[in-house]
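Below is one structure, written out as structure tokens; the observations come after it.
Numbers here simply count residues along the sequence, with the first being 1. Counting starts at 1 for both ligands and their atoms, following the listed order.
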Amino acid sequence: MSTPDKPQFLAIIGGSGLNHLSILEGAYRRFVRTPYGEPSCPMTLGSICGHPMVFLARHGHGHTIMPNEINYRANIWALRKLDVTGIIAVGSVGSIHPVLGPGDLVIPDQLIDYTSGRPGTFFGSEPDIDMHVDFTHPFDVSLRERLSGVADLLGFNLRDGGVYGCTQGPRLETAAEIRRLAGDGADVVGMTAMPEAVLARELGIPYAQLNVVANYAAGIRESAQGIEFSALGPVLEEAMCKVRLMIETLVGCKMPA
Ligand code: HPA
């Protein structure tokens with residue numbers, strides 16, 4: 001769903017490795033109250049090359065909120081209250097697919113929800129919400145195309161498409177669970193795309209995921225005996241530099257030479 005008649009006002013939801021967006025100019029924080037309780041943190045508003053943007057740290061500014069305890073409804077409701085026209089949700093994932101390795105970028109086009117017990121609908125508490133919202137294609141096609149176009153422009157190797165398996169966390173998966181996810185067709189595994197994606201869909205906000213592969217998932221390749229966390233920091237840091245460049249290019253101010 002796109003909104004061509006409205007001026008663009010994109011929101012970035014940052015996950016592990018992206019707790020603030022230093023490229024925002026004139027940034028200030030605004031706390032948004034919601035009927036669902038507190039969002040993860042105050043919204044950071046600012047602009048990039050004159051284009052207004054808002055940033056939300058999904059796990060809180062200090063990265064203290066676990067994936068299963070994030071108040072997804074408050075976060076998405078607050079972004080709707082600010083009248084954003086689209087959400088790019090950045091998140092780190094583990095790779096299940098043999099060709100995806102640490103540092104790679106992925107724009108998934110499908111997802112499977114393995115979470116449980118997370119409040120996952122606005123139906124019944126917000127007006128005009130369909131009980132059975134269409135979710136055949138969970139991610140916004142136009143935002144996905146814009147993201148992959150920007151990656152092409154920048155010469156970044158990015159996988160366009162793939163299935164995101166969303167697990168409950170906060171623990172990582174067992175090797176058998178990852179085998180099951182692979183059998184189900186999942187390419188990457190993360191903990192935060194749901195119910196974030198469906199809540200955005202219910203409120204009619206175009207939403208796409210931009211994922212950074214932090215590690216091989218449990219039992220796969222280098223993670224055959226366990227996931228080595230000391231290696232994750234530098235990988236995420238380098239990949240998040242690419243994510244920032246993609247955001248700047250997407251809003252139109254950093255064109256490659
Ligand atoms: N599993 C689930 N979520 C993740 C992983 C993982 O291996 N890596 C980064 N986020």
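Side-chain contact annotation: Tyr72 with Thr192, donor-acceptor N/O pair under 3.5 Å absent. Side-chain contact annotation: His20 with Thr44, donor-acceptor N/O pair under 3.5 Å absent.
Residue contacts with ligand 1 for Leu172 involve side-chain atoms from C-beta outward but no N, CA, C or O (heavy atoms, distance under 4.0 Å).
Comparing Gly17, Pro170, Gly94, Gly165 against atom 5 (C) of ligand 1, the shortest heavy-atom distance belongs to Gly94. Proximity annotation for atom 7 (O) of ligand 1: of Thr167, Ile178, Val188, Asn215, Asn215 comes nearest, heavy atoms only.
Between Tyr207 and Phe139, the two ring planes are parallel [angle under 30°; tilted spans 30° to 60°].
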>> I'd like to know whether Tyr114 forms a side-chain hydrogen bond (donor to acceptor under 3.5 Å, both in side chains) with Asp184, so could you lay out the CA-CA distance, the side-chain angles of the two residues, the decisive distance to 0.1 Å, and finally the verdict.
In response: CA-CA 11 Å; Tyr114 299 96; Asp184 288 352; 2.5 Å; yes

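Residues Val84 and Val54 form a side-chain contact, since some pair of their non-hydrogen atoms from C-beta on lies under 4.5 Å apart.
For ligand 1, the polar-atom distance check finds no N/O of Ala217 at less than 3.5 Å from any of the ligand's N/O atoms.
Regarding atom 10 (N) of ligand 1, its nearest protein heavy-atom neighbour is Ser92 O, 3.3 Å. Scanning the protein heavy atoms around atom 4 (C) of ligand 1, the nearest turns out to be Val189 O, 3.6 Å.
Residue-environment remark: CD (Glu25) exceeds the threshold of 12 foreign heavy atoms within 6.0 Å.
Atom numbering of ligand 1 starts at 1 in the shown order; those under 4.0 Å from a heavy atom of Glu173 are 1 (N), 2 (C), 6 (C), 7 (O).
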